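To keep things clear, I will list the structure first and then write my remarks on it.
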Amino acid sequence: MYSRIAGTGHYVPKKVLTNTDLEQMVDTTDEWIKSRSGIERRHIAEADEYTSDLAVQACTAAMEAAAVGPEDIDFIVVGTTTPDLVFPNVGTIIQAKLGIYGCPAFSLEAACSGFIYALSIADKFIGTGQAKCALVVGAETLSRITDWSDRSTCVLFGDGAGAVVLKPDEDAGIISTHLRADGRYKDLLTAKTGVSVQPEGDALSDGFNVQMAGNEIFKVAVKSLESIVEETLDANGIDKSELDWLIPHQANIRIINATAKRLSMPMEKVILTVQDYGNTSAASVPMALDVAVRDGRVKRGQLLLLEAFGGGLTWGSALLRY
Ligand code: COA
């Protein structure tokens with residue numbers, strides 16, 4: 001039994017922060033940000049707008065698209081790095097806000113790969129018959145852990161949420177998912193203060209923020225993504241020419257270009273939202289998927305390759321017939 005994406009949704013907060021706005025905040029330029037990352041603007045959540053709020057909007061859109069109601073959902077999994085609270089887990093907060101009762105609801109942390117990890121888990125539950133209608137979510141308020149005085153990181157991130165509804169299908173759907181991690185690279189991309197690791201002195205604000213070795217991350221990202229997309233195609237005996245769309249994690253246009261090149265895919269076959277949304281971590285893949293479904297580029301029956309890469313380091317892919 002396949003699990004098939006029955007509906008998609010995404011949501012971004014109303015507030016837009018442009019590169020020109022950032023020029024007023026740190027020593028940077030629109031030209032530098034665009035040329036190094038491809039990002040032109042990003043959306044930022046209001047102080048009283050939480051990760052769960054963004055997720056609920058995305059889930060509602062996905063459920064409408066799939067023509068399912070709260071009573072149909074029997075599994076909720078959320079990839080996020082920025083849950084509302086330490087606990088209850090943000091899956092249960094989303095569950096309550098959507099009026100869904102009783103089904104398992106949980107979140108997982110795999111940084112920017114969170115949605116791919118969540119999709120892989122939900123796929124297994126659908127495949128074994130333990131779930132019949134799963135909500136799979138990637139949602140982030142990365143602006144909360146961004147150091148707005150650090151020009152090397154604050155220009156890269158944004159807030160948003162994406163969601164899909166997965167249902168069983170005998171004919172087509174998720175063909176395979178591939179998950180990887182290598183903790184030896186854990187210090188390349190990190191927020192050094194958390195729950196068990198407490199801040200020293202008054203270092204909470206510094207330690208809580210994203211710190212990144214951008215150059216090194218870039219190189220490992222390109223290498224790992226190249227190898228996982230090849231592994232994914234090989235595992236299924238599929239030639240890269242058969243792919244209709246690449247839907248990559250939207251961290252940086254140059255990383256995306258490198259993966260597309262390895263797949264010999266012209267950029268017209270790559271879904272890009274990085275210019276409008278920046279890097280929204282676990283939310284970026286389902287957001288890009290929904291954008292392309294709604295504007296009519298991604299059509300039923302097409303072959304899609306999803307991939308993501310993030311802190312941990314973690315990375316992963318999903319090959320699916322939409
Ligand atoms: N505006 C202007 N200059 C900036 C800047 C900014 N926002 N941020 C950094 N710089 C400066 C640096 O200080 C450095 O100056 P120096 O040469 O005088 O020291 C110079 O620009 C070059 O910095 P560098 O880090 O080498 O740039 P880069 O070409 O590697 O691009 C990133 C930086 C972050 C865009 C790039 O490394 C990247 O995208 N890495 C991957 C990040 C990522 O995807 N992370 C998330 C993974 S999920």
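We count ligands from 1, going down the list as the structure has it; atoms in each ligand are counted the same way. On a predicted model such as this, the values are computed, not experimentally measured, just so you know.
Looking at atom 26 (O) of ligand 1, its nearest protein heavy atom turns out to be N215 ND2, 3.0 Å. Here the heavy atom of the protein found nearest to atom 41 (C) of ligand 1 is G214 O, 3.5 Å. For atom 44 (O) of ligand 1, the closest non-hydrogen atom on the protein side is A251 CB, 3.4 Å. For atom 33 (C) of ligand 1, the nearest protein heavy atom (residue, atom name, distance) is W32 CH2, 3.9 Å.
One hydrophobic cluster holds both V229 and L272 under the rule that ILVMFWY side chains link at heavy-atom gaps under 4.5 Å. Side-chain heavy atoms closer than 4.5 Å link hydrophobic residues (I, L, V, M, F, W, Y) into clusters, and following such links, possibly through other members, connects V270 to L233.
Considering backbone and side-chain N/O atoms, V155 never comes within less than 3.5 Å of an N/O atom of ligand 1. Polar contact with ligand 1: present for R151 (N/O pair, distance under 3.5 Å). Of the N or O atoms in N252, one or more lie within a sub-3.5 Å distance of an N or O in ligand 1. By the 3.5 Å distance cut-off applied to N or O atoms, H249 is not counted among the residues near ligand 1.
Of all the atoms in ligand 1, the ones that sit under 4.0 Å from a non-hydrogen atom of G310 are 48 (S).
Contacts of N279 with ligand 1, taken as heavy-atom pairs under 4.0 Å, involve the side chain alone. With a heavy-atom cut-off of 4.0 Å, V26 does not touch ligand 1 at all. For S37, no heavy-atom contact with ligand 1 is shorter than 4.0 Å.
Counted within 6.0 Å of CD on E170, heavy atoms from surrounding residues, nucleotides or ligands total 12 or fewer; the atom is thus considered open. Counting non-hydrogen atoms of neighbouring residues, nucleotides and ligands closer than 6.0 angstrom, the OH atom of Y2 reaches no more than 12 such neighbours. Atom CD of E49 sits in a crowded spot, with more than 12 heavy atoms from other residues, nucleotides or ligands closer than 6.0 Å.
Proximity of atom 7 (N) of ligand 1 to the protein is indicated by at least one non-hydrogen atom lying closer than 4.0 angstrom. Atom 18 (O) of ligand 1 lies below 4.0 Å from none of the non-hydrogen atoms of the protein. At a distance under 4.0 Å, a protein heavy atom can be found next to atom 10 (N) of ligand 1.
Remark: K132 does not engage D72 in a salt bridge, criterion side-chain N to carboxylate O under 4.0 Å.
Across the listed options E31, K219, E23, R36, R36 owns the non-hydrogen atom lying nearest to atom 22 (C) of ligand 1.
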